[in-house]
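Okay, structure first, notes after.
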Amino acid sequence: MLSRQNDNGALFLIAYLFGMIDSILFNLSTFANMEHVDIIVGSMRIAAVLLTCLKVLLDRQYTLAELVGMVGAGALLLIAYLRSGYNHLIYLLLALLGMRNVSSARIIRFDFMVRVLLMCAVIFSSLTGIIENYVTWRTGSTTLRYSLGFNHPNTLASMCLVLMFEEAWLHQRRFSIGYAVLIWSTAAILYRITANRTAILLMAVFPVLLIAYGYAHHRNKRKTSRVIYQLLFLIMLALSFLMMQSEHPLMKGLDALLSNRFSNAKRIYDQYGISLLGQHVVLTSVKTARMMHTSIALLDIAYLRMLIQAGPLVVALVAMLYFRLMKFTCLVNDGYTLLIVVLLMIFGLCESTFNNVYMNFTLVLACQVLYETDLNAAVRDEDEKRC
């Protein structure tokens, strides 16, 4: 990815750090059970927003398109966040406003290093009894699952998946026996701890897909249709919605395999419907339901959660971001980014953390590509050639 840089990027790094600590420590780990955590989280979000706004003011030479995009998208995300309380929206707002003139590689490298430190802090704290190591059973079985300090075993597996993708993207990993053995060994150990399926499966197939990627990249003379890639987010959304509504026995079986994610989403959808600018949705985790002896209320499918909780206008915004990202990656033949985006979109069918900037770094790429004037010019030239 091409990018321009200035000295104001350090301000955004600090804001990004506050948001990352908020998300990983105080939302995705059992540090969330500490006293006064709401005050801590609120303070960090205010600090992150103020730093990002300061960077926006210090940046110079905005184009009219940039100003209109930032104001429009920023207002939409802020309104949806205030209406819904959906914290992922404030993280997306920070990224959207702050990524101008900041290298995406710089942000992702920073994210990777901080993620390692925060994960070590959470795991150490759980093993020493500072915070809870949440232990649960897989639904319908006696398999124990350990979170090692995160709010759910799936979160721990997801964090490791993101680490693998970030490291691979930063170093453009290619297939090798040593790399494959390392990833497969890590996946096997992680499965023993978390009994997670989706993230572990993606980790296991990633080295194999690198073989196919290397072959396709070597024979990149053949052009691949960009339309499916550009519309993939909307395709996944439509697929999620149809699977939620379907009564076909095959879909019912798939739903059971996916721990009733779609039937759980259907109950939420029937209760709340869809609000244009987002809405507050009361969810009940498996842990809370077991403690309170109530029924669960989950939205574990990223696309449906965004649609129901954040609203169709936010969905349209994110779809547009991914449309542009996919268009640019195809144009510049960035097959590596394309591969990871597709895998994370598949991941979004089973986990709502896909909507979280700090659990899906391709959202950072999508926000940053809005400000790529060089790429914008290249796209215009390419479109003119096609006319």
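Owing to the predicted nature of the structure, the values given are computational and were not obtained by experimental measurement. What you see below is based on every heavy atom in this structure, not just the backbone, and it leaves out hydrogens, waters and symmetry mates.
- One N or O on the side chain of Ser147 and one on the backbone of Tyr134 form a donor-acceptor pair closer than 3.5 Å.
- Residue Leu78 is not grouped with residue Leu57 when hydrophobic side chains (ILVMFWY) are merged at heavy-atom distances under 4.5 angstrom, including chains of intermediate members.
- In terms of modelled atom types and a separation under 3.5 Å, the side chain of Trp184 and the main chain of Ala204 share a donor-acceptor contact.
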Arg45 vs Asp22, salt bridge (charged side-chain N to carboxylate O under 4.0 Å, His left out): CA-CA, chis, key distance, verdict:
CA-CA 8 Å; Arg45 288 185 187 176; Asp22 164 22; 2.7 Å; yes
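- Summarising the geometry of Ala319 relative to Leu234, their closest heavy-atom pair is CB-CD2, 3.7 Å, with the distance given to 0.1 Å.
- The minimum heavy-atom distance linking Ile274 with Pro312 is given by the pair CG2-CD, 3.5 Å.
- Residues Leu317 and Leu77 meet the side-chain proximity criterion, which asks for heavy atoms closer than 4.5 Å.
- In this structure, Leu67 is a member of the same hydrophobic cluster as Tyr371, with clusters built from ILVMFWY side-chain heavy atoms closer than 4.5 Å.
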Can you check ring-ring contact (aromatic ring centres under 6.0 Å, His included) on Phe354 and Tyr303, steps first, answer last?
CA-CA 9 Å; Phe354 171 84; Tyr303 307 98; 5.5 Å; yes
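- When each of Leu201, Val162, Leu161 is checked for a side chain to side chain contact (heavy atoms under 4.5 Å, CB included) with Phe347, only Leu161 meets the rule.
- Among all heavy-atom pairs drawn from Thr194 and Ala157, the shortest one is OG1-CB, 4.0 Å.
- Residue Asn8 holds its CG atom at 7.5 Å from CG of Leu54, rounded to the nearest 0.5 Å.
- Within the hydrophobic cluster formed by Ile, Leu, Val, Met, Phe, Trp and Tyr side chains joined at under 4.5 Å, directly or through other members, Ile46 is accompanied by Leu50.
- Looking only at atom types and distance, the side chain of Ser275 has a donor-acceptor partner in the side chain of Arg83 under 3.5 Å away.
- Donor-acceptor pairing under 3.5 Å is recorded for the side chains of Thr337 and Asp334.
- Heavy atoms only, all atoms of each residue included: Tyr191 and Asn196 are closest at CD1-O, 3.0 Å.
- Between Leu370 and Glu66 the shortest side-chain heavy-atom distance does not fall below 4.5 Å.
- Of the possible polar contacts, one joining the Gln172 side chain to the Trp169 backbone as a donor-acceptor pair under 3.5 Å is found.
- Side-chain atoms of Tyr322 and Thr362, non-hydrogen and from C-beta on, do get closer than 4.5 Å to each other.
- With respect to the salt-bridge test (charged N to carboxylate O, under 4.0 angstrom), the residues Arg261 and Glu351 qualify.
- When side chains are defined from C-beta on, Ser352 does not count as touching Ile301, because their heavy atoms never get closer than 4.5 Å.
- Side-chain atoms of Thr329 come within 3.5 Å of backbone atoms of Met326 as a donor-acceptor pair (strictly under, hydrogens ignored).
- Cluster annotation: Ile39 is not connected to Leu25 through the hydrophobic network of ILVMFWY side chains, with a link wherever side-chain heavy atoms come within less than 4.5 Å.
- Remark: the backbone N or O of Arg173 is not paired with any side-chain donor or acceptor of His171 at under 3.5 angstrom.
- At a threshold of 4.5 Å between non-hydrogen side-chain atoms, the residues His88 and Met306 do not count as touching.
- Nearest heavy-atom pair, Lys55 versus Phe12, reported as atom, atom and distance to 0.1 Å: CD-CB, 3.6 Å.
- In this structure, CE in Met236 is found 5.0 Å from CD1 in Ile346, a value given to the nearest 0.5 Å.
- In this structure the side chain of His280 reaches within 4.5 angstrom of the side chain of Val282, judged on heavy atoms.
- Taking OG of Ser240 as the start and CD1 of Ile235 as the end, the distance is 11.5 Å to the nearest 0.5 Å.
- To the nearest 0.5 Å, atoms CG (Asp38) and OG (Ser43) are separated by 10.5 Å.
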What's the verdict on side-chain contact (heavy atoms from CB on, under 4.5 Å) for Ile90 and Val49, showing C-alpha distance, side-chain angles and the deciding distance?
CA-CA 9 Å; Ile90 198 70; Val49 169; 4.3 Å; yes
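- Remark: the Asp111 side chain and the Tyr16 side chain contain an N/O donor-acceptor pair separated by less than 3.5 Å.
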Would you check, one step at a time, whether the test side-chain contact (heavy atoms from CB on, under 4.5 Å) holds for Ser126 with Glu132?
CA-CA 6 Å; Ser126 73; Glu132 178 188 5; over 6 Å; no
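- Using cut-offs of 30° and 60° for the angle between ring planes, the Phe206 and Tyr336 rings count as perpendicular.
- Ile193 and Phe124 are not part of a single hydrophobic cluster, where members link through side-chain heavy atoms under 4.5 Å apart.
- In this structure a side-chain-to-backbone donor-acceptor pair under 3.5 Å is missing from Asn87 to Ser23.
- Within the 4.5 Å cutoff, the side chain of Val37 has no heavy atoms near those of the Phe31 side chain.
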For side-chain contact (heavy atoms from CB on, under 4.5 Å), just list the numbers for Tyr91 and Tyr358, CA-CA rounded to whole Å, side-chain angles, deciding distance to a tenth of an Å, and then say yes or no.
CA-CA 8 Å; Tyr91 306 148; Tyr358 302 110; 3.5 Å; yes
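- With hydrogens and angles disregarded, no donor-acceptor distance shorter than 3.5 Å links the side chain of Thr155 to the backbone of Asn151.
- Taking the ring axis of Tyr62 as reference, the NZ or CZ atom of Arg100 stays within 45° of it and closer than 6.0 Å to the ring centre.
- For the pair Val314/Leu76, a side-chain contact is recorded, criterion being any heavy-atom separation below 4.5 Å from C-beta on.
- A side-chain donor-acceptor contact under 3.5 Å links Ser103 to the backbone of Arg106.
- Put simply, the side chain of Asn260 never gets that close to the backbone of Ser263: no donor and acceptor are under 3.5 Å apart.
- Residues Tyr179 and Ala168 share a closest heavy-atom pair of OH-CB, 3.7 Å.
- In this structure, Leu89 CG and Leu96 CG are separated by 11.5 Å, a value rounded to the nearest 0.5 Å.
- Checked by atom type and distance alone, the side chain of Ser125 pairs as donor or acceptor with a backbone atom of Ala121 at under 3.5 Å.
- The only option from Leu92, Val357, Leu93, Val102 that meets the side chain to side chain contact (heavy atoms under 4.5 Å, CB included) definition with Cys367 turns out to be Leu92.
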Quick one: do Tyr81 and Tyr86 satisfy ring-ring contact (aromatic ring centres under 6.0 Å, His included)? Show the steps, please.
CA-CA 6 Å; Tyr81 169 69; Tyr86 189 22; 9.1 Å; no
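- Linking Ile, Leu, Val, Met, Phe, Trp and Tyr whenever their side-chain heavy atoms come within less than 4.5 Å puts Ile200 and Ile189 in one cluster.
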Run the salt bridge (charged side-chain N to carboxylate O under 4.0 Å, His left out) check on Glu167 and Arg115 step by step: do they pass?
CA-CA 11 Å; Glu167 194 277 338; Arg115 187 177 305 274; over 6 Å; no
Walk me through it: do Leu209 and Leu343 pass the test side-chain contact (heavy atoms from CB on, under 4.5 Å)?
CA-CA 10 Å; Leu209 292 176; Leu343 290 176; 3.6 Å; yes
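- Surrounding CD of Glu35 are at most 12 heavy atoms belonging to other residues, nucleotides or ligands under 6.0 Å away.
- Rounding to the nearest 0.5 Å gives a distance of 11.5 Å between CD of Gln368 and CZ of Arg324.
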